[in-house]
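In what follows, a structure is listed as structure tokens, so that the remarks can point back to it.
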Amino acid sequence: MAVTVNTGDTAWVLVSAALVMFMTPGLALFYGGMVRSKNVLAMLMQNFFSLGLVSVLWAVVAFSLAFAGTGKWIGNFDFVGLKDVVHHAPPGLVLTIPPLLFMAYQMMFAVITPALITGAIADRMRFGAWVWFLGFWAVLVYAPVAHWVFAPSGWLFKRGALDFAGGTVVHINAGIAALAVVLVLGRRSGWPKSPMPPHSLPLTLVGTGILWFGWFGFNGGSALAGNAVAAQAFVNTHLAAAAALLGWLVVERVKDGHATTLGAASGAVAGLVAITPCAGFVGGLSAVWIGLIAGAVCAFAVSLKFRFGYDDSLDVIGVHLVGGIVGSLLLGLFADTAVNHAGRDGLFIGGGFGLLGEQALAVVATLVYSFVVTLVLCLVLNRVLPGGLRVSEDDEETGLDLALHSEVGYSLERA
Amino acid sequence: MKLITGIIKPFKLDDVKEALKDLGVHGLTVTEVQGFGRQRGHTEVYRGAEYTIDFVPKVRIDVLVDDADVDEITTRLVETARTGKIGDGKVWITPVDQVVRIRTGEMGSDAL
């Protein structure tokens, strides 16, 4: 499809793509501050490595699998190696930005989505295993799910499920995959008996700030234009983060007796996650309600791992999976075509249960596909990779920074 | 010669150092340490999960003194480091066979 380029739209999406790129280093710091000091570099490395590997894979093949062709389930090889991307928009998409920019913008989403999983597997995965897992996951899980939801020929897109910026594709997808990986990987040695408190919450708070900032590009840019929908998404993003920060703090103040910095950071991220599917589809104060609910629900959800005994180290499931589900379902209530005529009306706006049903189907489809494929991928890699997925007990005790990367994060004692 | 070792509250370090300097102590060694006594640790909460931290940060002071000065310096150290609350720490004294100043090779009291 030929494209008429609008310079204002192009300028905003160029900036947005850069903002989304910045979220991956932000996520690295958010997680890096929460691990023990002997594992901080390994955490940063898993995230930065995604910027390397997934970017290249995306340009070579994954973008094509996500956006080329008119298949229901997956794209084809028309855009492999960026062939024709300069002149042709993905089938069915009406773009006012260069198709190459659309590819680049989507690339940043593909980079950060598997990076979200690193929070669950912290402190115990071999770097070599992460390399293989990351590559296969981006191609086998991310690309197909992105096709279902974001490509106009995808089966969930066609049914009318809404996902403005990746509630299902990014957050539910990564969150449920995180559960599958930790089930194969097992718990950190000593968890939950030994204390493993965060080594630097200031790093975590800096990371949160970067994530929040970058999210304006993640959601605002998903309008793919510099227009009223982008402005709505921008405002919703901020309000949801703000309200969720408040929601989380209220819950922990009542439940545990203190308002904590980690709670404020976690709440903000939970709100950002929940508003992601809704950002360009809801108006008024819907974002405040969505944020408050997500913040409060996720503050409770992070204790699920203790009840069920899975070691989701930094709460990818409690924050991203649960927050993503909350946002995707609430969209079925709050969506409003007065905000965005490309959307649908939700239950509260008089649209009935239709949209809510489609949202639930999209959630379940993502949960099932991502969990099953990720689980099989992990079981296979654990079997075929020499050394499996997990580091030796010695290396885990020593710390991954030294054991895997021959570096240490902090060497003040040698100064 | 004796080695006076004190485990004290970190914020008392400056006062103790000044007091010992006033008494003519020429040098001491300070180490950041952790431990517990009657003062128990504390609890930290991260995302609702409580962690009990058993060890409390303290400062350890090691100072070598002449036999004649032991009582005065010990008394002064204890007075200065005391707040009267649990967790003030301990002081103990051990005999020292020999001391050598590395630069000059001086030994015994001359090396203090």
Side-chain angles (χ1 to χ4, degrees), chain A residues 30-31 33-36 119 188 190-201 204-205 248-270 295-307 311-319 322 412-413, chain B residues 3-18 20-21 25-64 81 83 85-90 100-103:
Chain A
F30 178 70
Y31 285 157
M34 277 189 264
V35 298
R36 289 164 290 172
R188 287 168 292 176
W191 188 87
K193 273 194 159 173
S194 320
M196 300 175 185
H199 89 280
S200 173
L201 287 179
T204 298
L205 273 281
W248 189 300
L249 289 183
V250 167
V251 168
E252 71 172 6
R253 176 68 178 78
V254 171
K255 195 160 77 77
D256 309 318
H258 304 274
T260 66
T261 55
L262 183 58
S266 310
V269 172
V297 169
C298 291
F300 282 106
V302 290
S303 64
L304 291 175
K305 64 181 179 184
F306 296 108
R307 180 155 330 152
D311 184 10
D312 172 17
S313 310
L314 312 179
D315 300 308
V316 179
I317 294 154
V319 175
V322 173
L412 302 177
E413 65 272 18
Chain B
L3 175 66
I4 302 178
T5 302
I7 306 290
I8 64 170
K9 288 190 163 162
F11 80 94
K12 281 290 187 184
L13 177 60
D14 257 0
D15 293 350
V16 169
K17 180 194 71 186
E18 291 305 323
L20 297 194
K21 266 164 86 177
V25 169
H26 296 302
L28 51 78
T29 304
V30 172
T31 323
E32 290 180 27
V33 294
Q34 304 179 60
F36 72 87
R38 286 188 199 170
Q39 180 192 17
R40 307 305 312 189
H42 61 271
T43 310
E44 296 176 11
V45 185
Y46 298 101
R47 284 182 175 161
E50 279 199 11
Y51 297 104
T52 306
I53 308 296
D54 288 325
F55 298 119
V56 185
K58 296 284 167 190
V59 165
R60 171 178 170 146
I61 298 177
D62 289 292
V63 50
L64 286 163
T83 68
K85 298 196 187 102
I86 280 181
D88 273 352
K90 280 189 178 54
V100 183
R101 187 189 305 278
I102 292 175
R103 174 172 54 87

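Proteins get letters first, then strands, A, B, ... in listed order; numbering begins at 1 in each. Computed from a predicted structure; not experimentally measured.
Residue Glu18(B) places its CD atom among more than 12 non-hydrogen atoms of other residues, nucleotides or ligands, all under 6.0 Å distant. Surrounding NZ of Lys21(B) are at most 12 heavy atoms belonging to other residues, nucleotides or ligands under 6.0 Å away. Summarising the local packing, NE2 of His42(B) is surrounded by more than 12 heavy atoms from other residues, nucleotides or ligands at distances under 6.0 Å. Other residues, nucleotides and ligands contribute more than 12 heavy atoms inside 6.0 Å of the CZ atom of Arg101(B).
Only the side chain of Phe306(A) has a heavy atom closer than 4.5 Å to any heavy atom of chain B.
Among Asp256(A), Val302(A), Leu201(A), Thr261(A), the one residue that satisfies the side chain to side chain contact (heavy atoms under 4.5 Å, CB included) test with Tyr46(B) is Leu201(A).
Lys305(A) places none of its side-chain heavy atoms less than 4.5 Å from the side chain of Arg47(B).
Per-residue heavy-atom pair counts under 4.5 Å with chain B were compared for Gly257(A), Gly263(A), Pro192(A), Ser266(A), and the maximum is reached by Ser266(A).
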